[in-house]
A.B. asks: 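Before I ask anything, here is the structure I am working with.
Side chains included, hydrogens not; waters and symmetry mates left out as well; all remaining heavy atoms used.
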Amino acid sequence: MPASVAGAEGRARGSAPGPYAVLRELDDAASGIPVPERRFIGRSADGDRTVLIGVPLPGADPGRFLAEAETSRYLLGPWSSPATEVAAPGDAPWHARPYVPALPLPAALTVHGGPLPERTVRALGAALVETLVIGHGQGLAHAGVSPAAVLLAADGPRLTCFGAARAAAEDGTPRSGLPGLESGSLPPEQATGGRPHPTGDVYALGATLAYAATGYTVPEREELPAALRTVVTACLSRDPAARPRPAELLDALAPVAGPPAPGAGAAAGPPPPATELDAAGIPAGRAGALLGPGWLPGRIIAALARQSAELLAATLPVPPAPQD
């Protein structure tokens, strides 16, 4: 579980995350899953705003970190997680976004006691595909999809860590083994220094869904649930051209129901979800239909409730006394 308020505040004190006091760390290093940035839950001095703060890892390039945070401001979609505040030029690097009670995917598996149910994995996958479709339509490759980048909230996932591969190293520089990058979800072409493209996001999505379903980003094919085996394996093709298109992924993860049987009439239920983009440019119907009550296991819902209650009860750290 995340570190205590006092411990997190002590470790973050040198990072100066803008105008916010740190309440706790979001991630648990014991999970063994690399995280591209240090993440904290913080609160404004007046207590009115609670935010999720990101600061770069030690040794990371602050310019690339802030450039990706700035670009993420333009991300659209209900399950994207754009930065809403970024450090001013010359200040210590940080960015922030509004806080919602959420668990990183590795923490969710720990709370649940193992891999997630197929229904949860399908809903997660459909929401992430729709998020990537929107970003790709904006001309943006995410280049940061990984287990740690996915936060699970009661109303659906949030995809964070935009641009983690680009922030870790410029194009042309090998990225394999760099701090913060999870090797199993790093597309082979990006690991060798290639420029991130949307097909790389498909690879990383497959690895992330494999992790959700098995606890590993590179499981043996037989370890994957039979119903997800084909789609996840296709995503993990080393050949970018052989990976499925997002529309194919959506069909596999959230298939549209077939037409009602002759004579079924109204008893057949509501029409299948729409596949077109809605007025806001968001794929309508598919993921939302899977993210209803029960999409998350009860233990994860309980952990989200505990996190929310603990933060409501948290008090702001007392600032150090000024030195004479």
Side-chain angles (χ1 to χ4, degrees), residues 2-4 6-42 51-73 81-83 85-97 104-107 140-151 159-196 200-201 204 207-208 211 217:
S4 68
E9 196 277 333
R11 283 187 292 276
R13 187 171 291 151
S15 61
Y20 298 104
V22 168
L23 298 179
R24 66 190 298 176
E25 287 195 75
L26 180 69
D27 299 287
D28 181 5
S31 73
I33 298 295
V35 185
E37 59 190 26
R38 297 188 70 193
R39 300 188 292 196
F40 305 93
I41 300 172
V51 297
L52 178 61
I53 303 164
V55 300
L57 297 177
D61 184 284
R64 288 199 299 268
F65 174 84
L66 289 174
E68 296 299 332
E70 186 64 37
T71 302
S72 81
R73 286 177 178 264
S81 187
E85 298 176 79
V86 177
D91 289 351
W94 61 275
H95 60 71
R97 51 184 49 84
L105 184 57
L140 300 172
H142 189 280
V145 181
S146 71
V150 175
L151 308 182
L159 183 56
T160 68
C161 299
F162 177 82
R166 290 184 293 261
E170 60 187 358
D171 296 343
T173 302
R175 300 182 176 97
S176 180
L178 290 182
L181 299 183
E182 199 281 316
S183 60
S185 52
L186 184 64
E189 63 273 18
Q190 293 179 24
T192 56
R195 180 181 180 182
D201 289 342
T208 298
Y211 179 84
T217 52

A.B. asks: For P93 versus F65, what's the shortest heavy-atom pair and its separation?
C.D. replies: CB-CD2, 4.1 Å
A.B. asks: Taking the side chain as every heavy atom from C-beta outward, state whether L181 and S176 have any atom pair closer than 4.5 Å.
C.D. replies: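 In short, these two side chains do not touch, never coming nearer than 4.5 Å.
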A.B. asks: Side chains of P174 and T192: does their closest heavy-atom pair fall under 4.5 Å?
C.D. replies: no
A.B. asks: With a 3.5 Å distance limit and no angle check, can you tell me whether R175 reaches the backbone of Q190 through a side-chain donor-acceptor pair?
C.D. replies: yes
A.B. asks: Quick check: closest heavy atoms across R97 and P82, and the distance to 0.1 Å?
C.D. replies: CB-O, 3.5 Å
A.B. asks: For residues Y20 and F40, determine if any side-chain heavy atom of one lies less than 4.5 Å from a side-chain heavy atom of the other.
C.D. replies: no
A.B. asks: Could you tell me the separation between the CZ atom of R38 and the CD1 atom of I53, rounded to the nearest 0.5 Å?
C.D. replies: 11.5 Å
A.B. asks: Rounded to the nearest 0.5 Å, what separates atom SG in C161 from atom NE2 in H142?
C.D. replies: 7.0 Å
A.B. asks: Going by ring-ring contact (aromatic ring centres under 6.0 Å, His included), name the residues that satisfy it together with Y211, two or more places apart in sequence or in a different chain.
C.D. replies: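 ring-ring contact (aromatic ring centres under 6.0 Å, His included) check on Y211 returns nothing, list empty.
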A.B. asks: What distance do E189 atom CD and R195 atom CZ have between them, rounded to the nearest 0.5 Å?
C.D. replies: 13.0 Å
A.B. asks: Answer yes if the side chains of R39 and T160 hold a donor-acceptor pair under 3.5 Å, and no otherwise.
C.D. replies: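 A pair is found: one side chain offers a donor N or O, the other an acceptor, under 3.5 Å apart.
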A.B. asks: So, for A148 and V35, which heavy atoms are closest and what is the spacing to 0.1 Å?
C.D. replies: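 Nearest pair, atom of A148 first, then V35: CB-CG2, 3.8 Å.
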A.B. asks: What's the separation between atom CG in D27 and atom CG in L151, rounded to the nearest 0.5 Å?
C.D. replies: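 Spacing of CG (D27) from CG (L151) equals 8.0 Å.
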A.B. asks: Mind checking side chain to side chain donor-acceptor pair (under 3.5 Å) for E170 and listing every partner two or more places apart, or none if nothing turns up?
C.D. replies: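 Listed in chain order: nothing, the list is empty.
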A.B. asks: Among residues at least two apart in sequence or on other chains, which ones pass side-chain contact (heavy atoms from CB on, under 4.5 Å) with A207?
C.D. replies: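 Applying side-chain contact (heavy atoms from CB on, under 4.5 Å) to A207 gives S185, T217, L236.
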A.B. asks: Taking all non-hydrogen atoms of both residues into account, name the closest pair between A69 and H95 and its distance.
C.D. replies: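 Answer, listing the atom of A69 first, then H95: CB-CD2, 3.5 Å.
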A.B. asks: Does anything in residues 140-151 form a salt bridge (charged side-chain N to carboxylate O under 4.0 Å, His left out)? List the pairs, not counting sequence neighbours.
C.D. replies: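 The answer is none; no pair qualifies.
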A.B. asks: Check whether D61 reaches the backbone of A168 with its side chain - one donor and one acceptor, N or O, closer than 3.5 Å.
C.D. replies: no
A.B. asks: State which residues pass side-chain contact (heavy atoms from CB on, under 4.5 Å) with P34; sequence neighbours excluded, sorted by chain then number.
C.D. replies: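 With sequence neighbours excluded, P34 shows a side-chain contact (heavy atoms from CB on, under 4.5 Å) to E182, given in chain and number order.
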A.B. asks: On a heavy-atom basis, which atom in G54 and which in E37 lie closest, and how many Å separate them?
C.D. replies: CA-OE2, 4.0 Å
A.B. asks: If you look at every heavy atom in G144 and A149, which pair is closest and at what distance?
C.D. replies: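 In this case the closest contact between G144 and A149 is O-CB, 3.3 Å.
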A.B. asks: How would you list, by chain and number, every residue that makes a side-chain contact (heavy atoms from CB on, under 4.5 Å) with V150, sequence neighbours excluded?
C.D. replies: L105, L124, L128, L152, P157, L159, T208
